[in-house]
Amino acid sequence: MIAIVDCNSFYASCERVFRPDLDGKPIVVLSNNDGCVIARSAEAKKYQIPMAAPAFKFEHIFKHYGINVFSSNYALYGDLSNRVMNILSDMSPETEVYSIDEAFLNLDGIPDGDLRDHCLKMKKRVRQWVGIPISTGVAPTKTLAKVANKIAKKYPQLNGVHIIDSEDLRIKALKFLPVGDLWGIGRRHKERLIKLGVKNAYQFTLLPEEWVKKNMTVVGLRLLKELKGQRMHDFELVAPKKKAIAITRSFPKTTFDIETLQENISIYASVCGEKLRKQGSDANVMQVFLRTSRFKDPAEQRAVQLTVDLEYPTNSSMELASYAQRMMDRLYKDGYGYGKAGVITMGLTPTANRQATMFSESNPKHVVAMEAMDRYNRKDAAGAIRLASNGTGKRWRMRQEKLSPRYTTRIDDCITVKAS
DNA sequence: TCTGGGGTCCTAGGACCC
DNA sequence: TCTGGGGTCCTAGGACCC
């Protein structure tokens with residue numbers, strides 16, 4: 001059997017770990033620049049705050065109901081996620097970390113009769129040791145486990161664990177689940193299926209395979225088979241290397257000014273370099289884009305992008321930033337208020353197999369410089385050493401007005417907490 | 001004033017090859 | 001009247017996920 005474990009309202013729950021006074025109180029967590037709602041505690045969901053709601057439009061609701069609002073604190077969430085994953089992998093033969101708040105577990109070797117007890121034990125341990133509540137769905141395939149997980153969440157009397165281990169339970173579960181809630185059915189497919197009269201997951205499994213293949217590609221077909229109990233998705237025990245690495249940002253306010261854009265794009269490219277070095281990859285292609293805010297006057301919109309093949313594979317922040325700035329020069333046009341920009345590195349190849357080309361190669365001195373920079377910055381001084389082209393970094397901070405302390409990863413923050 | 005970020009996979013169609 | 005056949009590779013766009 002396969003389990004999918006996920007953390008309930010993960011970001012909101014993380015904020016609560018160090019704020020026990022917020023137990024039972026509504027919490028929302030906002031995206032970068034405090035833009036949108038990206039997590040809601042169970043209590044907050046009751047106030048009809050939709051996912052991705054723009055924060056400024058819901059300000060009065062937050063105030064009126066006393067909802068606790070947080071800026072996102074990825075240092076905290078990432079660290080708590082690691083702790084949860086460690087416990088889960090201790091308690092199962094194989095683990096696939098699927099996202100920051102979810103993992104698939106292979107429960108082979110645990111007798112069928114003990115599955116429920118085992119899952120309850122995991123739940124208790126994660127709650128006790130990290131303070132995060134989880135839900136677990138168990139079934140013969142990943143997709144059915146996802147279905148079981150939805151049911152575990154829906155019915156409190158299940159105590160956060162549901163197991164689909166018979167044909168009866170499989171059908172019952174599928175009949176309960178709206179087709180749009182299936183893993184792999186998004187907005188588009190949902191609309192089309194509803195039009196056809198397919199409302200729940202069970203009805204979906206009755207569709208002919210040819211129709212599904214034709215209209216939803218092999219992805220849809222795999223979904224169909226998984227729901228019938230046939231395994232189409234294996235475990236991925238080691239996380240595959242990323243095929244693209246991107247840094248893109250909306251600005252806290254629009255800018256008309258090339259210097260600001262250059263500074264930002266240089267930072268994005270440097271951070272791409274950092275991430276490339278971390279996974280041992282070089283980039284061969286870089287894409288830079290620049291656009292106005294899509295919420296502004298349609299007549300004053302501008303969106304441009306440029307993709308270039310790099311002369312040679314590199315992960316040097318200096319080289320990447322230099323490319324990005326030259327590309328930005330070409331993209332920039334006076335007179336527009338820009339709201340977002342980004343750098344995407346692609347065509348990634350392993351640094352270990354870097355080929356010397358006939359005419360040019362990445363400057364070998366950069367390797368040493370980047371190593372030194374990374375080593376220093378890792379020692380609890382992120383961003384302490386950076387490129388001059390990154391600027392002073394003060395002008396363009398994200399808006400993060402409700403940021404909680406990095407309780408588990410920053411000494412300074414902890415001292416602040418104690419003092420206050 | 002203020003609306004997130006980072007990925008993956010699949011397919012159709014164009015360009016090209018012999 | 002009538003203009004081949006069989007491939008590969010790349011890219012943009014769509015759909016989806018968290």
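In the text below, chain A, chain B and the rest are named by the order of the sequence lines, each starting its count at 1. Worth saying up front: this structure is predicted, and the values here are computed from it rather than measured.
Between atom CD of residue E94(A) and atom CD of residue E96(A) there is a gap of 10.0 Å, rounded to the nearest 0.5 Å. Considering CE of M51(A) and CZ of R40(A), their distance stands at 6.0 Å, rounded to 0.5 Å.
Across all their heavy atoms, R399(A) and P252(A) have their closest contact at NH1-O, 3.7 Å. When all heavy atoms are compared, the tightest approach of R354(A) to S362(A) is NH1-CB, 3.7 Å. Summarising the geometry of L76(A) relative to S404(A), their closest heavy-atom pair is CD2-OG, 4.3 Å, with the distance given to 0.1 Å.
At a cut-off of 3.5 Å, with distance as the only test, no side-chain donor of S250(A) or N33(A) sits close to an acceptor on the other residue. In this structure, a donor-acceptor pair under 3.5 Å is present between the side chains of E15(A) and Y77(A). When only modelled atom types and interatomic distance are considered, T409(A) and D79(A) share no side-chain donor-acceptor pair under 3.5 Å. A donor-acceptor pair shorter than 3.5 Å can be found between the side chains of Q262(A) and D329(A).
Non-hydrogen atoms lying under 4.0 Å from DNA chain C are contributed by nothing in residues 271-286 of chain A. Looking at residues 64-81 of chain A, you'll see that no heavy atom sits under 4.0 Å from any atom of DNA chain B. Near DNA chain C, defined here as any heavy-atom distance below 4.0 Å, the residues from residues 177-216 of chain A are L182(A), W183(A), G184(A), I185(A), G186(A), R187(A), R188(A), H189(A), listed numerically.
For K142(A) and F235(A), the positive end sits near the middle of the six-membered ring, less than 6.0 Å away and at most 45° from its axis.
No contact: D34(A) has no heavy atom under 4.0 Å from any strand. When heavy atoms are screened at a 4.0 angstrom cut-off, L30(A) is found touching no nucleic acid atom at all. Heavy atoms of I344(A) sit nowhere under 4.0 angstrom from any nucleic acid atom. Within 4.0 Å (heavy atoms only), E102(A) reaches sugar-phosphate atoms of the nucleic acid but no base atom.
Listed for the S13(A) side chain is a donor-acceptor partner under 3.5 Å among the backbone atoms of S9(A). E226(A) contributes no side-chain N or O that, together with a main-chain N or O of L223(A), makes up a donor-acceptor pair within less than 3.5 Å.
A gap of 26 Å separates the P atoms of dC18(C) and dT3(B), to the nearest Å.
The footprint of chain A on DNA chain C, defined by a heavy-atom cutoff below 4.0 Å, extends from dA15(C) to dC18(C).
Ring planes of F104(A) and W183(A): tilted class, angle from 30 to 60°.
Every stem involving DNA chain B, taken as at least 3 paired positions in a row under the Watson-Crick or G-U wobble test at 3.5 Å, is listed here: B:5-18 with C:5-18.
Of the residues near DNA chain B, E59(A) and R249(A), the one whose nearest nucleotide (by heavy atom distance) lies more toward the 5' end is E59(A). Residue-to-nucleotide proximity on DNA chain B shows that, of N32(A) and K241(A), the 5′-proximal contact is made by N32(A).
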For a salt bridge (charged side-chain N to carboxylate O under 4.0 Å, His left out) check, start with the C-alpha distance between K146(A) and E102(A), then their side-chain angles and the critical distance, and finish with the verdict.
CA-CA 11 Å; K146(A) 279 276 201 178; E102(A) 280 177 79; 2.5 Å; yes
Indicate every side-chain donor-acceptor pair of residues 119-138 of chain A with a distance under 3.5 Å to a residue at least two apart or in another chain.
from, atom 1, to, atom 2, distance (Å)
K123(A), NZ, N159(A), O, 2.9
K123(A), NZ, N159(A), OD1, 3.0
S135(A), OG, N8(A), OD1, 2.7

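A side chain to side chain donor-acceptor pair (under 3.5 Å) with S317(A) is found for one member of H366(A), R386(A), R277(A) and no other, namely R277(A).
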